[in-house]
There are 2 protein chains.
Amino acid sequence: MATRDDARRRKADGAPTRQQDPEGTRRNILEIASEEFALNGLSGARIDEIAARTRSSKRMIYYYFGDKEGLYLAALENAYRLVREGEAELDTDGLPPVEALRRLVEFTFDHHHQHESFIRMVMIENIHHADYLDRSEVIRQLNVTAIDNIASIYSRGVAEGWFRPGLDPVDLHWQISALCFFNVSNRATFSRIFDRDLGSLEAQATLRGQVVDMVLRFVMRADRLAAE
Amino acid sequence: MATRDDARRRKADGAPTRQQDPEGTRRNILEIASEEFALNGLSGARIDEIAARTRSSKRMIYYYFGDKEGLYLAALENAYRLVREGEAELDTDGLPPVEALRRLVEFTFDHHHQHESFIRMVMIENIHHADYLDRSEVIRQLNVTAIDNIASIYSRGVAEGWFRPGLDPVDLHWQISALCFFNVSNRATFSRIFDRDLGSLEAQATLRGQVVDMVLRFVMRADRLAAE
DNA sequence: CATTATGTACAAACCAGTTCGTTATAATGG
DNA sequence: CCATTATAACGAACTGGTTTGTACATAATG
């Protein structure tokens with residue numbers, strides 16, 4: 001119930017339409033900062049440049065995020081959150097184990113490919129020896145579910161006789177990540193050195209197929225592979 | 001023949017012992033610069049810090065390398081040269097194909113592990129979209145031999161009935177690189193997120209075995225795998 | 001004496017973070 | 001319902017330290 005008939009305080013649909021919009025400002029700063037950090041790294045990014053591209057100002061960056069490192073950490077957390085939220089959309093429950101694993105790898109491959117700036121943030125964070133990730137309470141929690149998914153597919157596969165036993169789901173996640181991550185992280189140097197455009201549709205299709213193949217061959221029982 | 005009997009110009013064993021040693025100074029600068037760039041990135045590294053750690057001075061850095069980017073490029077080329085020279089030591093000629101491939105993967109895994117600062121330079125260069133590598137005449141040539149080695153092992157393996165046909169040696173190199181590179185490049189974030197020390201001896205031994213396994217299973221014919 | 005090699009001090013630009021001031025909204029008291 | 005005060009949101013200009021690069025001077029070398 002709007003008590004005052006002031007245009008500035010009108011409610012659109014429950015949320016007040018204010019000319020001051022702290023949440024929006026914060027989000028806007030974070031988006032631009034994420035782009036700049038992903039593009040230029042922590043030391044390469046410029047607060048002034050971020051501020052200039054924002055709807056807001058430098059003053060507001062310090063108002064909301066404290067300092068450059070605080071802004072970087074927020075951008076890092078944001079990158080992880082966005083990507084993990086996207087990953088939650090994958091559902092392999094109905095599928096038989098081999099198909100489920102195939103879908104998981106394909107999905108991871110595509111997802112990494114589509115989220116290059118997340119990959120770059122992780123690269124940058126590794127350059128910094130994961131120091132900022134270490135300070136973040138938020139990020140670690142986000143990654144547990146990824147393992148649950150693999151673990152359930154794998155144990156079903158073993159139970160149904162398709163997968164060989166004795167593998168560790170975290171190791172499996174490592175292998176899949178390695179291949180899908182490298183595809184994005186090292187594309188530039190690899191393309192230049194071998195004079196191929198690995199970003200092209202054809203090259204990506206080939207790589208994707210091979211990555212899937214590689215994981216499946218690693219996990220499946222040899223007799224099941226030969227039988228195919 | 002030493003014309004002057006000046007102590008400063010004495011020859012030790014053919015090389016003049018000069019108090020001015022341009023090659024030595026250059027090399028010293030390059031070594032320190034490589035460490036600093038690998039540690040802090042292009043924008044993170046500080047010329048003053050490099051100069052301070054050198055036997056020489058900031059003046060000499062600009063004298064020999066022009067500017068910061070020139071120094072970075074020299075460090076990048078140096079990193080590639082060192083690593084590729086090391087790789088040339090691997091000899092798999094006498095070995096049967098499966099063993100040769102196994103050796104190649106193990107060697108690559110170990111070699112990447114031992115040359116972390118090379119890995120970091122490549123990471124940093126990828127952050128810069130391989131712009132500097134692009135300007136280097138030197139680097140591209142260094143990488144061709146790596147492919148020759150794989151290609152010869154692979155074609156022998158196919159001819160002798162151990163490997164399945166139809167694979168591309170460059171793709172194979174990509175897969176091996178991906179797994180061995182990721183092991184070093186993403187160790188920090190992966191260790192933190194999954195609360196495991198992936199740098200420990202045990203973890204490295206496990207990963208190494210799995211990487212080898214993964215590549216062999218990918219390349220070998222399924223009937224040969226099952227027969228083992 | 002010309003060229004190469006080296007040290008010192010400085011300048012100009014850059015950049016993170018702050019100061020100070022203004023306006024908008026919420027809270028309180030009459 | 002208005003006045004007053006507190007606090008939240010924002011902007012412009014500035015500061016102090018940093019950092020790349022240079023000017024100038026000097027020493028060694030041929």
Side-chain angles (χ1 to χ4, degrees), chain A residues 1-12 15-30 32-33 36-37 39-75 128 132, chain B residues 1-11 15-30 32-33 36-37 39-75 132:
Chain A
M1 37 172 161
T3 45
R4 275 211 251 169
D5 214 333
D6 187 344
R8 284 164 176 166
R9 304 186 70 232
R10 264 282 140 66
K11 298 200 173 200
T17 308
R18 326 183 354 169
Q19 62 195 125
Q20 292 184 185
D21 179 13
E23 289 308 312
T25 302
R26 217 192 112 94
R27 198 152 14 87
N28 176 239
I29 291 174
L30 198 53
I32 304 292
E36 289 291 319
F37 281 125
L39 198 60
N40 304 307
L42 172 51
S43 48
R46 298 286 164 246
I47 293 284
D48 282 320
E49 178 65 23
I50 293 169
R53 290 188 50 207
T54 305
R55 275 191 251 103
S56 184
S57 68
K58 188 155 78 155
R59 178 71 185 78
M60 283 299 98
I61 293 175
Y62 287 96
Y63 186 74
Y64 284 119
F65 299 97
D67 58 9
K68 194 184 185 184
E69 296 196 349
L71 183 59
Y72 170 79
L73 182 57
H128 293 282
Y132 298 90
Chain B
M1 40 174 163
T3 47
R4 275 207 254 170
D5 214 333
D6 188 342
R8 283 163 176 164
R9 302 182 73 235
R10 267 282 142 68
K11 298 200 173 197
T17 308
R18 325 185 351 170
Q19 63 194 130
Q20 291 185 185
D21 179 13
E23 289 309 311
T25 303
R26 216 191 114 94
R27 198 151 17 86
N28 177 239
I29 291 174
L30 198 52
I32 304 292
E36 289 291 319
F37 281 125
L39 197 61
N40 304 308
L42 172 51
S43 48
R46 298 285 168 247
I47 293 284
D48 282 321
E49 178 65 21
I50 293 169
R53 291 189 50 207
T54 305
R55 275 192 251 104
S56 181
S57 68
K58 187 157 78 157
R59 178 71 186 77
M60 284 298 99
I61 293 174
Y62 286 96
Y63 185 73
Y64 285 119
F65 299 97
D67 59 8
K68 193 182 184 183
E69 295 195 350
L71 183 59
Y72 170 79
L73 182 56
Y132 298 89

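To find a chain, count down the sequence lines: A is the first, B the second, and so on, and within it residues start at 1.
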Please list, pair by pair, any protein nitrogen or oxygen found under 3.5 Å from a nitrogen or oxygen in nucleotides 17-19 of chain C.
{"residue": "dG17(C)", "atom": "OP2", "partner": "Tyr62(A)", "partner atom": "OH", "Å": "3.4"}
{"residue": "dG17(C)", "atom": "OP2", "partner": "Lys68(A)", "partner atom": "N", "Å": "2.9"}
{"residue": "dG17(C)", "atom": "N7", "partner": "Lys58(A)", "partner atom": "NZ", "Å": "3.0"}
{"residue": "dG17(C)", "atom": "O6", "partner": "Lys58(A)", "partner atom": "NZ", "Å": "2.3"}

Rounded off to whole Å, could you give me the CE-to-P distance for the Met60(B) and dA27(D) pair? 15 Å
Without decimals, in angstroms, what is the distance between Arg26(B) CZ and dT6(C) P? 13 Å
Distance in angstrom units between Ile61(A) CD1 and dA9(D) P, rounded: 16 Å
Between Leu71(B) and Ile29(B) the two heavy atoms that sit nearest each other are CD1-CG2, 4.0 Å
In whole angstroms, how far is the P atom of dG21(D) from the CG atom of Leu71(B)? 10 Å
Please give, in whole Å, the distance from dC10(D) P to Asn28(A) CG? 10 Å
Between OG1 of Thr25(A) and CG of Leu30(A), what distance do you get to the nearest 0.5 Å? 12.0 Å
Report the distance from atom CG of Leu42(B) to atom NZ of Lys68(B), rounding to the nearest 0.5 Å. 5.5 Å
Distance col, row Met60(A):CE vs Thr54(A):OG1, nearest 0.5 angstrom, shows 11.5 Å
Once rounded to the nearest 0.5 Å, what's the spacing between atom OH of Tyr63(A) and atom OG of Ser56(A)? 11.0 Å
Does OP1 or OP2 of dA12(D) have a side-chain N or O of Ser57(A) closer than 4.0 Å? no
dA9(D) phosphate, OP1 or OP2, under 4.0 Å from Ser56(A) side-chain N/O: no
Work out which heavy atom in Ile50(B) is nearest to a heavy atom in Ile61(B); give both atom names and the distance. CG2-CD1, 3.9 Å
Using a heavy-atom cut-off of 4.0 Å across all strands, would you classify Ala45(B) as base, sugar-phosphate, or nothing? sugar-phosphate
What is the distance, rounded to the nearest whole Å, between atom OH of Tyr63(B) and atom P of dT26(D)? 18 Å
Specify the closest pair of heavy atoms between Ser43(A) and Ser43(B), including all atoms of both residues, with the distance to one decimal. OG-OG, 3.3 Å
Atom CD1 of Ile29(A) to atom C1' of dG11(D): distance rounded to whole Å? 13 Å
Describe the nucleic acid contact of Tyr64(B) in one word from base, sugar-phosphate, nothing, applying a heavy-atom distance below 4.0 Å. sugar-phosphate
note: Arg55(B), atom CZ; dT6(C), atom P; distance rounded to Å ~ 11 Å
Where do N or O atoms of nucleotides 16-18 of chain D meet protein N or O atoms at under 3.5 Å, pair by pair?
none

Working to the nearest 0.5 angstrom, can you tell me the gap between Glu23(B) CD and Asn28(B) CG? 12.5 Å
How would you list all residue pairs meeting salt bridge (Lys or Arg N to Asp or Glu O under 4.0 Å) that involve residues 51-67 of chain B, not counting sequence neighbours? Glu35(B)-Arg53(B), Glu36(B)-Arg53(B), Asp48(B)-Lys58(B)
